[in-house]
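Only one structure is covered here, and it is reproduced in the block below.
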Amino acid sequence: MSLVSDLINLDLSESTKKIIAQYIWIGGSGMDIRSKARTLPGPVSDPSKLPKWNYDGSSTGQAPGEDSEVILYPQAIFKDPFRRGNNILVICDTYTPGGEPIPTNKRAAAAKIFSHPDVVAEVPWYGIEQEYTLLQKDVKWPLGWPVGGYPGPQGPYYCAAGADKAFGRDIVDSHYKACLYAGINISGINGEVMPGQWEFQVGPSVGISAGDELWAARYILERITEIAGVVLSFDPKPIQGDWNGAGAHTNYSTKSMREDGGYEIIKKAIDKLGLRHKEHIAAYGEGNERRLTGKHETADINTFKWGVANRGASIRVGRDTEQAGKGYFEDRRPASNMDPYIVTSMIAETTILLKP
């Protein structure tokens, strides 16, 4: 295996100017991350300089077999932490040969919202808290749990250390460093309330880049868990019963909210979110009704409420924001399997473009 490791870690720059670009896209389920690699003649830092590519959409649930070609449009570039050197990861979105976004391409619609002059002027910032669960490969049961059994009750595991409380830290730290290397604006990690569950945070990121960065971070995590022989789950309630679910709390602010007097803008934005609660819930992730029960630090899925420092609310405002009279708020409703392009653009659309 040492020879294989040596070959994997070959520094291509010693023998060629060519690089490897890993094109990444979202498959038909909306959560399956697909990718394939191609050789380019030299380093590229601008996605508009990258060639478009295609793939067989009939094999990803995105096109019929008789007309299966789907076109990849490169949108964002990150450094490749696996191949290193000048090699890159490329976040793409998906189009028909005629140039129309295919139905599962949620980035294109988000890009339209983020390019609206009113949204551009508000410079929307996002910080996404991505929770996830690590599962034992052959039994699909959380890492560190006895097979077919349960650990002790929740309480000792959140942000904990120790072999009996923190399971999978090597994966988590590897992912943290790999994201930093890639150029993703990852801002932290922590162990979660349920053992075997962890969280990383991406942001603050502006506009469409929040979605690009979160998808790139998810891809890198999928690759690391693949190497470790562990299954990655974004299920919003992986274990039924008295165990916390997994969310993707989305922190948000606009230029007006960050300036003096911003707290009044925040309250008006929250009122708008309340008016569209059902529409947001419908777009915030599949299976979220199993998580948003009013227990385990959630608000009931059918109830919209907000509060200061209230983790049982739909929208939480921090004490620091209340005291400063400006800042940001946290939408606690999105599930861990949400599409960040949908969630971020929908929040901007509702809070900036929806007229009172």
Contact check, side chains of E279 and M346, non-hydrogen atoms, under 4.5 Å: yes

Electrostatic pair K268:E264 at N-O distance under 4.0 angstrom: no

Remaining members of hydrophobic cluster (4.5 Å side-chain criterion), V231: L135

Intermediate values then yes/no, side chain to side chain contact (heavy atoms under 4.5 Å, CB included), Q154 and M194: CA-CA 6 Å; Q154 294 184 153; M194 189 184 88; 3.6 Å; yes

K295 and D242 ion-paired at < 4.0 Å: no

Sub-4.5 Å side-chain heavy-atom contact between Y126 and V202: no

Centroid-centroid distance, F329 to Y252, less than 6.0 Å: yes

Pair R290 + D235, salt bridge at N-O below 4.0 Å: yes

Path from L353 to I270 over hydrophobic side-chain contacts below 4.5 Å: yes

Donor-acceptor pair between N244 and E297 side chains, under 3.5 angstrom: yes

Option among L89, D80, I24, T225 that satisfies the side chain to side chain contact (heavy atoms under 4.5 Å, CB included) test with I220: L89

same_hphob_cluster(V120, I208) at 4.5 Å side-chain heavy-atom cutoff: no

Contact summary for A108 and P101, nearest pair of heavy atoms: CB-CG, 3.7 Å

Donor + acceptor pair across side chains of Q75, D93 (<3.5 Å): yes

Cationic N near anionic O, under 4.0 Å, E122 to K255: no

Heavy-atom side-chain proximity of R332 to T298 below 4.5 angstrom: no

Quiz item: cation-pi between R258 and W125, 6.0 Å / 45°: yes

Pair listing, ring-ring contact (aromatic ring centres under 6.0 Å, His included) test, anchored in residues 155-181, at least two apart: H175-F200

Modelled atom types, side-chain donor and acceptor of N302 and H277, under 3.5 Å: no

Validation row: R276, E349 side chains within 4.5 angstrom (heavy atoms): yes

Full working for side chain to side chain contact (heavy atoms under 4.5 Å, CB included) between I20 and R38: CA-CA 6 Å; I20 301 171; R38 67 183 297 166; over 6 Å; no

T250 and M338: CA distance, side-chain angles, deciding distance, side chain to side chain contact (heavy atoms under 4.5 Å, CB included) verdict: CA-CA 11 Å; T250 301; M338 63 81 157; 3.9 Å; yes

Pairwise side-chain contact, I91 with Y219, heavy-atom cut-off 4.5 Å (strictly under): no

Exercise: do T104 and Q62 side chains pair donor with acceptor under 3.5 Å: yes

Trace of the salt bridge (Lys or Arg N to Asp or Glu O under 4.0 Å) decision for R107 with D212: CA-CA 9 Å; R107 190 187 190 281; D212 292 338; 2.9 Å; yes

Minimum-distance pair of heavy atoms, taken over all atoms of A210 and S205: CA-CB, 3.7 Å

Test item: L214 and Y341 side chains (from C-beta on) under 4.5 Å apart, heavy atoms: no

Whichever hydrophobic residues join W53 through chains of side-chain contacts under 4.5 Å: I19, Y23, W25, L40, V44, L50, Y55, V70, L72, I77, I88, V90, I102

Flag for Q22-R83: side-chain donor and acceptor within less than 3.5 Å: yes

Taking every non-hydrogen atom, the tightest pair across N288 and P334: ND2-C, 4.3 Å

Polar side chain donor-acceptor pair, N251 to E129, under 3.5 angstrom: yes

Distance-only donor-acceptor check, side chains E192 and N190, under 3.5 Å: yes

Those residues that, when tested against F78, pass ring-ring contact (aromatic ring centres under 6.0 Å, His included) (two or more places apart): none

Side chain to side chain, P142 and I239, heavy atoms closer than 4.5 Å: yes

Joint cluster assignment, I184 & I33, ILVMFWY side-chain distance < 4.5 Å: yes

Residues which pass salt bridge (charged side-chain N to carboxylate O under 4.0 Å, His left out) with R223, listed by chain and number, not counting sequence neighbours: none

Pair R34 + D32, salt bridge at N-O below 4.0 Å: yes

For the student: nearest non-hydrogen atoms of N337 and P236, plus distance: ND2-CD, 3.7 Å

Transitive ILVMFWY side-chain link W306 to M257, under 4.5 Å: yes

salt_bridge(K267, E322) N-O dist < 4.0 Å: no

Polar side-chain atom of W198 near backbone of I189 as donor-acceptor pair, under 3.5 Å: no

Heavy-atom check, side chain of H280 versus side chain of R333, under 4.5 Å: yes

Residue pairs involving residues 84-111 (criterion ring-ring contact (aromatic ring centres under 6.0 Å, His included); sequence neighbours excluded): Y73-Y95

Considering all heavy atoms, the nearest A246-Q197 contact: CB-NE2, 3.8 Å

